[in-house]
2 protein chains.
Amino acid sequence: MGNGRLTAREIARLAGVSVATVSRVSNGTGQVSEETRRRVLRAIEEHGYRPHHLGQALAARRHGAVGLVFPGLSGPYFSELIQGFESEAVNSRTSVHILCTHLRADSDAEVIEMAHRVDGLAVLGGTLSDETLEELAGMLPVVVLAGGGPPGVPAVRVENTDSTAALTRHLLADHALRRLDFVGNPSGSPDVSERWAGFREAHRQLGLPLPRAPIRVGLQQPDGVFAAEQLLRRSIRPQGIVCANDETALGVLVGASGLGLRVPEDLVITGFDDTPMAALVTPALTTVRQPVRELAAQTARLLMQVATGDVDRSGPTLVLPTDLVVRRSCGCAAPTTPGSTPTGRRAETGLRHSR
Amino acid sequence: MGNGRLTAREIARLAGVSVATVSRVSNGTGQVSEETRRRVLRAIEEHGYRPHHLGQALAARRHGAVGLVFPGLSGPYFSELIQGFESEAVNSRTSVHILCTHLRADSDAEVIEMAHRVDGLAVLGGTLSDETLEELAGMLPVVVLAGGGPPGVPAVRVENTDSTAALTRHLLADHALRRLDFVGNPSGSPDVSERWAGFREAHRQLGLPLPRAPIRVGLQQPDGVFAAEQLLRRSIRPQGIVCANDETALGVLVGASGLGLRVPEDLVITGFDDTPMAALVTPALTTVRQPVRELAAQTARLLMQVATGDVDRSGPTLVLPTDLVVRRSCGCAAPTTPGSTPTGRRAETGLRHSR
DNA sequence: TTGAAAGCGGTACCAC
DNA sequence: GTGGTACCGCTTTCAA
């Protein structure tokens, strides 16, 4: 049934009216007498008519969709990101098209192709070159998500540098640790780049020698395992490892325990994100909480505003705050009430200890 | 520059030809003299003309896109799935729109909406009801991915039951384990349902009492931790835990070691998928390898075939084979050559031990 | 209140 | 070879 889709013309014929009236009824626009409206509605429902998207879009010169571009998806971060973005887009009756470039060489072409199918684009920082971003911004509304774009392209991101510096100072000053290593590739994404900067900044602030080069690996759990293998087999082991995100931190944790090291006694590990697993591992992970959902929702909202012209195309850059979450993996005391669930308490300023 | 997009008509005017010729040149169809082709191409490149997608699609009555629908994305499984699907779709110059229903109540409406924007739909098993699937199949080509659809809807899936039965028999017969528990929600997805069936089947085959009800949790790592908490705090602990996938198995591993249990000495754990982490944890995870990328690529290919009419709409159901991968977490011997990387060897038939 | 008709941007058939 | 033109399906003036 209803195989060859019906057109507005056919409904018009069936209801004995013109296409214009069908359009009016189906969109609830214009003035239609109660009686004809009823007649048209009956025909519409009877035959399950739905306006063809392409026709509508062509007439409106609007796709009714926006694109979300990032390198690949795996792990809780992207899951949250997408949910946050979609939850906001749905309010504007806009559908979301997701594009994972997988960091392929020809990804630029794919993005350009997508740009022709949507009304706006949100691009994760580090996915595209500044030149490509500027080219895109010349074609349609673009917002950078989690990173800074070239000048003139609005962006939404989270605070990375200060919070990572605070976290690092906690290890250096409060726990008197030396020989910290950073795991993550600063040139891979703006987020990691800023976290690396914060890591170095903390050393500088405390007048300590600058740390050695980072272990440049990706952001997934296996990458953390590889990093741990590299760092912990050396003759001089680090006392602490500051990871670019929770997933690699969990990987480092796995690698460390595989080598028989105890955390935090033999080695301190920290992450960034505060993913669900962070509170569930043993020891629970000291990390920085970032509002991923909110980040994505704000991006979507800003993109819609730019697309509708409510906001200037070279609009603002929003920065969302983050919180340090101190748990056990940095060496802080175990919970005083054993058996309680380790949810972790956030410390907006200074430090508060998680149970 | 190039802000208000150019139309074929403007290019035609600029090149002093008709729109028909512009169309011919830009598509490489029909006969055009070398000289006019050159003139038109020059105008096209000079002004960066690109045919408007909506106009093209409307004329061709074809969206040039297919949809991929699943409940949510997190973890390596979905990442692989998407990559496999896209890698195949790109061959047909078809773009992929991803829809995560997040298992929301109104997800049906979203899917129907998407159905109006694409030429075909691939739906992960367990995401939609059979009624919705049949309704969709009446509107456009639909293929079920990782599960069986209602009759008449083609599907591509992997072998779950036999391999899980073989895995379970390995624990019951070779390792002489009793008191096994299953972690995963059989009503959540066809995959899990079949794995649960294989788990029970193994008990039946060996004449053992049937196992108790499964621990019905989701498929992510935190779910495994929760399941471990439930199972391992009981007075009578299971000797082994068979998990619906690797991610929950890793969660169970985390939960077990958090409670001070040694794997595999005190407790045996197995997974399903053979994700990258499975070989990297300590102990390495005994699991079943499934060809996720291949699964998705086959689905995409089948969908294209159905869409182009090359294959009947109620086409075939493909079942891809899986391999048992025996590692350390089931209690099998540690590698004889210490220091070697634990990649795991597959055993297509019978069992082979991983180093 | 309703209908005819002119687009929206391309494609493709049919003449010339 | 090339141009005129009638679509694709829908929206939106403009008249009646």
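Just so it is clear, the values below take in all heavy atoms, side chains as well, and ignore hydrogens, waters and symmetry mates. Chain A is the first sequence line, chain B the second, and so forth, proteins listed ahead of strands; every chain is numbered from 1.
When atom types are taken as modelled, the side chain of A/Thr7 and the backbone of A/Arg9 share a donor-acceptor pair closer than 3.5 angstrom. Remark: side-chain polar atoms of B/Thr21 are not paired, donor with acceptor, to backbone N or O of B/Val19 under 3.5 angstrom.
Proximity of B/Ser33 to the phosphate of D/dG1: no side-chain N or O atom is located under 4.0 Å from OP1 or OP2. Proximity of B/Thr7 to the phosphate of C/dC8: no side-chain N or O atom is located under 4.0 Å from OP1 or OP2.
The interatomic distance linking A/Arg61 (CZ) with C/dG7 (C1') rounds to 9 Å, in whole Å. Regarding A/Gln56, its CD atom lies at a distance of 17 Å from the P atom of D/dC8, rounded to whole Å. When the C1' atom of C/dT11 is taken as reference, atom NE2 of B/His53 falls 15 Å away, rounded to whole Å. As rounded to whole Å, 10 Å separates atom P of C/dT1 from atom CD of A/Glu34. Distance, B/Leu58 CG to C/dC8 C1': 9 Å, rounded to whole Å. Separating the CD1 atom of A/Ile44 from the P atom of D/dC10 is a distance of 10 Å, rounded to the nearest angstrom. Atom CG of A/Asn27 is separated from atom P of D/dT13 by 13 Å (rounded to the nearest Å). Distance, B/Arg9 CZ to D/dG4 P: 12 Å, rounded to whole Å.
No hydrogens or angles were tested; on distance alone, a donor-acceptor pair under 3.5 Å links the side chain of A/Arg24 to the base of C/dG3.
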Listed pairs under 3.5 Å, donor-acceptor, residues 132-148 of chain A side chains, sequence neighbours left out:
{"from": "A/Thr132", "atom 1": "OG1", "to": "A/Asp108", "atom 2": "OD2", "distance (Å)": "2.6"}
{"from": "A/Thr132", "atom 1": "OG1", "to": "A/Ser129", "atom 2": "OG", "distance (Å)": "2.8"}

CA sep, side-chain torsions, deciding dist, call: B/Arg39, B/Glu34, salt bridge (Lys or Arg N to Asp or Glu O under 4.0 Å): CA-CA 9 Å; B/Arg39 219 173 47 238; B/Glu34 195 47 43; over 6 Å; no
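For A/Thr36, counting side-chain heavy atoms from C-beta on, the closest listed nucleotide (C/dG10, C/dT11, C/dT1) is C/dT1. Listed nucleotides C/dT2, C/dA12, D/dG1 differ in distance to B/Gln31; the shortest reach to its side chain belongs to D/dG1.
Heavy-atom distances to DNA chain D give each of A/Ala8 and B/Glu35 a nearest nucleotide, and the one nearer the 5′ end belongs to B/Glu35. Between B/Val19 and A/Ala20, the one whose closest nucleotide on DNA chain C sits nearer the 5' end is A/Ala20.
When heavy atoms are screened at a 4.0 angstrom cut-off, A/Val17 is found touching the sugar-phosphate backbone but no base atom.
Not less than 6.0 angstrom separates the ring centroid of A/His63 from the ring centroid of A/His53.
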